[in-house]
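Heads up: the structure comes next, in structure tokens.
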Amino acid sequence: MDNNSNKKETYYLPSISDSRLAENIFRSVKAEIYHFLDDAIRYFLNLHPAVANIAPVETWRIALTAHKYGVIYLIDRREASAYDFGGAADSKVMTRIAEILTEDQRVNRLFNFAICAWVHAIDVRKKYSEIRLPKHAFMSEGDQAVFVNQNDFGGFFPVDAFALTTPLYDLHDFVHYSCAMIDRNLYGCKYFRRFSSLPTRLQALVRDAGYRSETPNLYGDGFMFRELSLGLFDTYEPLIDSDSELYNTISDKLFQYLKGELALAQPSSGRVYQAPAPLDVDALAVLSQNKAYEHSASECEEHFFIRSGPGAANDSYVHLPIVERLDAMKSTELNYFERRNFLRHRAQKLAYLRYSTHLKSKFPARAEEFSLLHMVEENLTFVDHLRGDRVNLFNLVEH
């Protein structure tokens with residue numbers, strides 16, 4: 001791998017790329033989360049007064065954010081660089097706090113408490129979704145509103161969340177929330193209006209929970225992103241030096257798969273799948289609109305946290321003592337999981353763009369299909385937004 005492989009190229013996202021407004025919103029949302037983490041820590045310290053005077057709540061929070069919750073360390077590199085625990089006394093305190101946090105799954109309990117409290121905090125935030133969302137997820141339409149499952153939050157409160165030892169929530173959802181706060185039209189979730197009335201076959205493309213099954217939805221976003229592109233990344237990443245060449249290679253393979261011309265592996269099982277027919281125009285539009293929500297957030301994760309993965313494989317932080325871990329987190333280089341995530345999103349988005357251009361050649365310019373494909377391309381490249389006419393592709397597909 002060359003020396004530039006971990007230097008991420010800027011990807012153009014309107015109102016986010018090189019925007020001071022965006023950075024202010026990211027920091028503001030992060031401060032909100034920290035407010036509720038502090039409340040969670042106080043709740044814990046009230047239950048355990050014998051350790052309450054070890055250090056201020058802020059010190060506990062720093063240590064907490066440097067522990068993995070799910071597959072994410074909430075601390076980001078900018079924050080890690082601002083912390084300096086050089087003295088022996090400070091190191092001893094941080095080490096003791098880390099020991100306490102790792103007992104009895106307290107990291108998970110504290111995050112569970114804080115995030116549940118954040119969702120419940122203000123009346124305008126919580127909306128119950130009419131469609132079933134992934135369990136414990138929250139999806140952001142814009143402003144302060146998030147959609148959640150009523151079964152997950154109705155009558156379920158922070159103390160209930162604290163009682164559970166497994167991580168309930170995905171910190172990645174806060175990146176979606178921040179992006180939707182920046183521009184709801186561009187980055188807000190579009191699943192709660194027209195999408196809910198689409199035919200089941202089209203909804204199933206993005207409500208794709210069976211991506212690891214023996215009979216996956218062959219064009220489902222979950223299957224293509226979590227399985228096919230993952231296998232492609234791990235195949236080609238050791239062989240290709242540059243990020244641009246890597247995601248172009250993955251994109252080309254996905255493009256061939258979309259045409260029904262290439263079989264690809266489901267790495268979780270080792271099975272190989274090939275779609276029996278090329279992807280149709282309406283399905284491409286639905287997948288492209290979904291990618292607008294997912295890809296934008298993947299580009300912004302570094303503003304928020306350090307991504308890792310399950311367990312210890314490829315995680316360079318998990319076995320380090322807490323002070324050494326904080327020092328290592330100051331590095332500007334992206335890790336395996338971060339590169340894997342954003343490059344695969346870029347590759348899949350590019351594959352949709354290439355496939356749309358390919359399909360256009362099969363229709364006359366006056367055909368409805370040609371018009372929809374043209375709007376897909378404008379959506380994926382933000383041309384419609386720059387013209388002042390951002391399109392929601394869910395509104396344009398079959399009834």
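Heavy-atom basis, side chains included; hydrogens, waters and symmetry copies ignored. The shown structure was predicted, so the numbers you read here are calculated from the model rather than taken from an experiment.
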Whether [Y] and [X] form a salt bridge (side-chain N of Lys/Arg under 4.0 Å from carboxylate O of Asp/Glu) is what I want to check.
X: E294; Y: K291; result: no
X: D39; Y: R42; result: yes
X: D152; Y: K126; result: no
X: K68; Y: D315; result: yes

Check whether the side chains of [X] and [Y] place a donor and an acceptor atom closer than 3.5 Å, and report yes or no.
X: N248; Y: R354; answer: yes
X: E79; Y: Y83; answer: no
X: Y191; Y: N290; answer: yes
X: S129; Y: R132; answer: no

* To do: Step by step, work out the salt bridge (Lys or Arg N to Asp or Glu O under 4.0 Å) result for D208 and R226.
  => CA-CA 10 Å; D208 181 23; R226 296 176 182 269; over 6 Å; no

* Kindly say whether Y43 contributes a backbone atom to a donor-acceptor pair with the side chain of N46 at under 3.5 angstrom? =>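 It does not hold such a pair.
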
* Under 3.5 Å: donor-acceptor pair, side chain of E227, backbone of S268 ->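 It does hold such a pair.
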
* To do: Could you label the plane-to-plane angle of the H295 and H345 rings as parallel, tilted or perpendicular, counting under 30° as parallel and over 60° as perpendicular?
  =>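 Rings of H295 and H345: tilted, 30 to 60°.
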
* Can you tell me which residue pairs pass the ring pair (Phe, Tyr, Trp, His ring centres under 6.0 Å) test with a partner in residues 304-326, sequence neighbours excluded? =>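 Listed by first then second residue: Y73-Y317.
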
* F138: which of Y128, F147, W118 passes ring-ring contact (aromatic ring centres under 6.0 Å, His included) ->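 It is W118, the one option of Y128, F147, W118 that forms the ring-ring contact (aromatic ring centres under 6.0 Å, His included) with F138.
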
* **Proximity of Y247 and F233 rings by center, below 6.0 Å** =>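 No; F233 has its ring centre 6.0 Å or more from that of Y247.
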
* Taking the six-membered ring where the residue is Trp, are the ring centres of Y11 and F342 under 6.0 Å apart? ->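 No: the rings miss the under 6.0 Å criterion.
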
* E299: salt bridge (charged side-chain N to carboxylate O under 4.0 Å, His left out) partners, not counting sequence neighbours ->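 K8, R346.
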
* Partner set under salt bridge (charged side-chain N to carboxylate O under 4.0 Å, His left out) for D327, not counting sequence neighbours ->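 For D327, the residues satisfying salt bridge (charged side-chain N to carboxylate O under 4.0 Å, His left out) (neighbours in sequence not counted) are K330.
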
* Asked: Rest of the hydrophobic cluster containing I122 (Ile/Leu/Val/Met/Phe/Trp/Tyr, side-chain heavy atoms under 4.5 Å)?
  ->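 In the cluster with I122 are V124.
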
* To do: Go through the steps to decide whether R201 and D280 satisfy the test salt bridge (Lys or Arg N to Asp or Glu O under 4.0 Å), and finish with yes or no.
  => CA-CA 12 Å; R201 77 171 186 91; D280 66 61; 3.2 Å; yes

* side-chain contact (heavy atoms from CB on, under 4.5 Å) between L287 and Q348: does it pass, once the steps are laid out? -> CA-CA 10 Å; L287 288 167; Q348 194 166 343; 5.6 Å; no

* Asked: Can you name the side-chain contact (heavy atoms from CB on, under 4.5 Å) partners of R184, sequence neighbours left out?
  ->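 R184 satisfies side-chain contact (heavy atoms from CB on, under 4.5 Å) with E141, D143 once adjacent residues are dropped.
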
Side chains of residues 361-372: which donor-acceptor pairs under 3.5 Å do they make with residues two or more places apart or in other chains?
from : atom 1 : to   : atom 2 : distance (Å)
S361 : OG     : H358 : O      : 2.6

